[in-house]
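A short write-up of the structure that comes next.
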Amino acid sequence: MNIVVNGTSNIVNEEISLKQFIEKHCPNPERVIAEVNEHIVKRADWDRQLLKENDKLELITFVGGG
Amino acid sequence: MNIVVNGTSNIVNEEISLKQFIEKHCPNPERVIAEVNEHIVKRADWDRQLLKENDKLELITFVGGG
Amino acid sequence: MNIVVNGTSNIVNEEISLKQFIEKHCPNPERVIAEVNEHIVKRADWDRQLLKENDKLELITFVGGG
Amino acid sequence: MNIVVNGTSNIVNEEISLKQFIEKHCPNPERVIAEVNEHIVKRADWDRQLLKENDKLELITFVGGG
Amino acid sequence: MDNKKSENLIIAGKNFSSRFLLGTGKFGNKNDLALAIKASNAEIVTVALRRIDLQRHEENILEYIPPDVTLLVNTSGARNATEAVRIARIAREAGYGTWIKVEVINDSKYLMPDNEETIKAVDILTREGFVTLPYIYPDLYAARKLVAVGAPSVMPLGSLIGTNKGLKTKEFIRILIEEIEVPVIVDAGLGAPSHAAEAMEMGADAVLVNTAVATAGNPVLMAKAFAQAVEAGRNAFLSALPVQQDSTQARASSPLTGFLYQ
Amino acid sequence: MDNKKSENLIIAGKNFSSRFLLGTGKFGNKNDLALAIKASNAEIVTVALRRIDLQRHEENILEYIPPDVTLLVNTSGARNATEAVRIARIAREAGYGTWIKVEVINDSKYLMPDNEETIKAVDILTREGFVTLPYIYPDLYAARKLVAVGAPSVMPLGSLIGTNKGLKTKEFIRILIEEIEVPVIVDAGLGAPSHAAEAMEMGADAVLVNTAVATAGNPVLMAKAFAQAVEAGRNAFLSALPVQQDSTQARASSPLTGFLYQ
Amino acid sequence: MDNKKSENLIIAGKNFSSRFLLGTGKFGNKNDLALAIKASNAEIVTVALRRIDLQRHEENILEYIPPDVTLLVNTSGARNATEAVRIARIAREAGYGTWIKVEVINDSKYLMPDNEETIKAVDILTREGFVTLPYIYPDLYAARKLVAVGAPSVMPLGSLIGTNKGLKTKEFIRILIEEIEVPVIVDAGLGAPSHAAEAMEMGADAVLVNTAVATAGNPVLMAKAFAQAVEAGRNAFLSALPVQQDSTQARASSPLTGFLYQ
Amino acid sequence: MDNKKSENLIIAGKNFSSRFLLGTGKFGNKNDLALAIKASNAEIVTVALRRIDLQRHEENILEYIPPDVTLLVNTSGARNATEAVRIARIAREAGYGTWIKVEVINDSKYLMPDNEETIKAVDILTREGFVTLPYIYPDLYAARKLVAVGAPSVMPLGSLIGTNKGLKTKEFIRILIEEIEVPVIVDAGLGAPSHAAEAMEMGADAVLVNTAVATAGNPVLMAKAFAQAVEAGRNAFLSALPVQQDSTQARASSPLTGFLYQ
């Protein structure tokens, strides 16, 4: 299953929820803001959001800025 | 007959063409550009343009500008 | 007896000490610094310094300055 | 015989006039201004000015300047 | 305008006793950021959003910002109104408030803000309940339109971002101060406390600084220096500065005549 | 020079924690002067001498200056070294110390200090035990000579007295700061706190202000504003200001790429 | 861009050997205007339109402008795009060409141009066959849009109309020069030949001056002075100016060592 | 002073129609120097003296200077009056006239002229029949003394030698122009024709440029550009420039009311 994460293709073999994906790949899950296909998915809903072929994920966080 | 010339009301008693009006009132008719009711009237047409009650005349000329 | 005080001639009729002169003419004697003929006269010496014909007095004080 | 030319020591073996020295060492003798021991020697006098032990020569020229 | 002289900076009904806003970019050491906020008493700080780098552990910028500080989320990265709106919504969804610095830039060389797109974004975001502080090139007409669509403040640039050149737009920011009723916050390009003081002296309501603090040798002390300069400039504005004398002639502050002279 | 970074301003062995000096001329209300000294924490203030006006009751300026403040007697009115020396001696005789601002002006239009006469006066006064702070036009050679004859500080002008034009001599004061080992105190012409901050940012050791404070709408608040600006500028100097970018190109303080882009 | 270095100023395919444009307002004596055009070799001059005063005999400005000069009719008085378009049409109808300086101002205090309305007017007028030279506040995005809708040149202001303050917008006009391919003509606020030279040195294609010439003591000589300064600045641009040295250190132009020294 | 408005520059009784002086240092190609003199119509050019390099064939600078040009020999390299006098005497002995630019520098970092030593040198040289043009830091008192000892002109610096920073000393050169009766020639630091125009506009009698011409991409065209700017500035001075408007308010050059309005 191909998933585009922050503009880069990723191959995911098993069925996986957004929550599982983030916890597996992000060093600080508690900082992450997630969009799937340009819609924000609230943290409370990460668990039941299953990733699908060609989903476009944006994983975003706060950084220093002016 | 009331005619508004450059924003000011003027009473005109006789029937009069645009050409006659301009020649009577403007010191330098050859410098004048005339609009009647927001439409430009070419110099060649001044003669046959008769002024009517409530006509709005703009008599304009070139001046120094930056 | 003529005395020049701060550049202006003054006629003084009686014999008078510097101390008396200052106390008579200056609103705030305690603020005054006195020169007689370009020599500073200390406050302690005002009493015994008698004014003489053509003495040049400078009576000076502190003021605001930048 | 030691001669200091423009601040540097030079050994000169034979007796030599200022004119000869300049013509031997300077690419453009016609541009040279010469001082010997802080006195200017005019071009007309170069011929008869013989260099002596410990003479201090300044050989100067015009250059671009602001 | 009378509210130009109010004690506090008031934006969208919220009172701030500090008129110094701090940006959080470019800090080499995040502890310096925390200390700089404290040293300057900044009550509003900006942050930005960015894609996570999956390969690298990054520090959480928010941990270094005290909870009582108002977060202002910068839409930097947006090239048009649509993208700015999207970033603002993400920020809100993430639970970080509704205060947005609307920054729309479609020029990668000079980083000039696009006023027209910014107006569009402010219009949309205001309707959605955001408090928007638009970052703009100081143009009177653009500022008027921003106020008309609901911006509770405008943030004109002093000079190009990151150049430290100071108040190159002074003549035009002055017009905004005189003509626009909402607070004018000078943002971008202020490279020294004297620049911040100069902005405040002419009546700017606040300033925002980032680069000059974050890249200073001692960012914490520099943050304090800027905050002091902002207060100095504010007090000078309230005191009514004397005017510059245009003649080339001098005017004595000490008494020059009548002593030692005839 | 290392002492350029010392915490206190040190002149002739005396320590001052404030780097703001206040002139006392032109105050409309003498109570404002007292309050301005307090509000600014000035530790050195200048006064001048003048012939008494026998016709008029005048207030005693000294009553408005706290006793712990160092009085600096200005020789204003002196047109040459001899007159400056005479004024200094009068001041000392009157019991008001030995700290003298040596100001020699022989030009009634621009009030430019005469450096050469000033050097002569400092030379004489130093030998007589005075502490002299010479007011000068910022000329490297004159400053060197003043130090050579014993001046423990130099006070170059920022712009013409009373003009409020700021640091018109910046390029040349900078040279003094780099080359002269004694404290450099910028005097005259500073018309706004931003000017004072700018002087301090480049490493001036202190500033003296009179006209801009005394003639402000609110002199007390303005005195405070200047003092704050001096601290701001000092802190910025100690923090090492980042440099201005000379290219016309901007430099982002926020991350601009990698988000919302492909 | 290479055409930045072309010998002639080329606008809408028409070649001009002079890069100095003259405005005709405010001349006390119309003969001075005629002589000023001649003395400066101006090839483009602006005029405006106004309602006739029926009570007063006024001179015909056009009689003082040589027939080979390109007339540029200013839409001054227009507060929005519609009014600017109307004025342009009147000018064309009157037989005076199709070259229009599009000036839209809706602010009677600062006389700032309204870029957005200007863009709309240029869009309409270009479709109607006019050659439009828009007078703008120097904003990169506005300039890009003007070029996109067909403006063959842009005329950014140097400072507020009639103030003679010079190139206060320098940083932003520079961006236009670098980024915009059509000629950039600096208009408004240039108060001295040195200002005009400065604009040309950084690569402006031409300048337009009115107030500083018309209100000079000797307008004819001043027109010549501006034209000379424009040529000077142009030649300097073509020669590639050396850069300013940023250090405070000097660099000798004369040989300083090796002579009279040991 | 009336002679400030004379058509020619007059120094020591000699008339010059050009008010542009050219320095000859730093030219990469000596042919460029010859062409630059011609292109600029310079009538006075400076040269310097240096020890011959015995190892290297050097070109003769004098061959590139037309015979009708007045040579001004710079005493550069002199650290005090004695050395300056010695250089002047050498120049005269060599047959190159009696016109000397007296330059005394005892500071190898900033290359600031030592006014006091310069005055001494001018005093001696004037008695020996030289025509001296002293290069000075613009100090009113020093200029007065130079005139008193016979200098027929003074040459104050605009900014540090070779920095191209322009008229950093403007406020103080203006004082010389107003107070000193001999011609004031601005020398050093002028980096662009606009700087030269600015000096002339305020009434300087002439300018001397070297670095900015010699190091330009095209020195010949740049020399011409400076000469044009000098004429432009001179004409502007003679025309009486209008003043800058200090208010922030604009003043229309076109008629703005009465048309299309009610």
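The sequence lines fix the lettering, A, B, ..., with proteins before strands; numbering per chain opens at 1. Predicted model, so just to flag it, every value in this text is computed and none were measured.
- Judged by distance alone, the side chains of G:Y110 and E:E178 do bring a donor and an acceptor atom under 3.5 Å apart.
- When the candidates E:L140, E:D107, E:N106, E:N115 are compared by the number of heavy-atom contacts under 4.5 Å with chain G, E:N106 comes out ahead.
- Heavy-atom neighbours of E:K26 NZ from other residues, nucleotides or ligands within 6.0 Å: above the threshold of 12.
- Only the side chain of E:L157 comes within contact range of chain G, with heavy atoms under 4.5 Å apart.
- Panel note: side chain G:Y141, backbone E:P113; no donor-acceptor pair is recorded below 3.5 Å.
- Only the side chain of E:K145 comes within contact range of chain G, with at least one heavy atom under 4.5 Å from a heavy atom of that chain.
- Atoms CG and CD, from G:D139 and E:E116 in turn, are 9.5 Å apart once rounded to the nearest 0.5 Å.
- Put simply, the side chain of E:K170 does not reach to within 4.5 Å of the side chain of G:K168, judged on heavy atoms.
- For the atom pair E:E171 CD and G:T169 OG1, the distance stands at 10.0 Å (nearest 0.5 Å).
- In this structure, E:Y137 and G:Y137 have parallel ring planes: the angle between them is below the 30° cut-off, well short of the 60° mark.
- Summarising the geometry, atom CG belonging to E:D114 is positioned 9.0 Å from atom CZ belonging to G:R144; distances are rounded to the nearest 0.5 Å.
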